[in-house]
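What's counted below: heavy atoms across the whole structure, side chains too, no hydrogens, waters or symmetry copies. By convention here, the first residue in the shown sequence is residue 1.
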Amino acid sequence: MRIELTLALLLLASNTPAEEAMTANTLRASSEQKPPAATIADMDWYAGRWTGSGLGGYTEQLWSPPRDGVMMGT
């Protein structure tokens, strides 16, 4: 469930008028569009164990909290 929520939030965050459609399911940022400022600390919410169905089966991910500018995941 959280994986689907993550994907939905990413899609909503990326849907701005400065994008152009490449295909029905692919967008490209315009050359004027600048990415928002972000740090690895912004991904702190993603740390933990994530499980659920997806990609045709059951999936599980484990993510460490940000430390020294990186996160590790399996």
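The hydrophobic clustering, which links ILVMFWY residues whose side-chain heavy atoms are closer than 4.5 Å, places Trp63 and Ile40 together. Tyr58 and Trp50 are members of different hydrophobic clusters when ILVMFWY side chains are connected at heavy-atom separations under 4.5 Å.
No donor-acceptor distance shorter than 3.5 angstrom exists from the side chain of Asp44 to the backbone of Ala41, with no hydrogens or angles considered. Under the 3.5 Å distance criterion, the side-chain polar atoms of Thr59 are left unmatched by any main-chain donor or acceptor of Ser53.
One distance of note links CE of Met71 with OG of Ser64; it measures 5.5 Å at 0.5 Å rounding.
Side-chain contact check for Arg49 versus Gln61: every heavy-atom pair is 4.5 Å or farther apart.
In Met43, the CE atom is crowded: over 12 heavy atoms of neighbouring residues, nucleotides or ligands sit closer than 6.0 Å.
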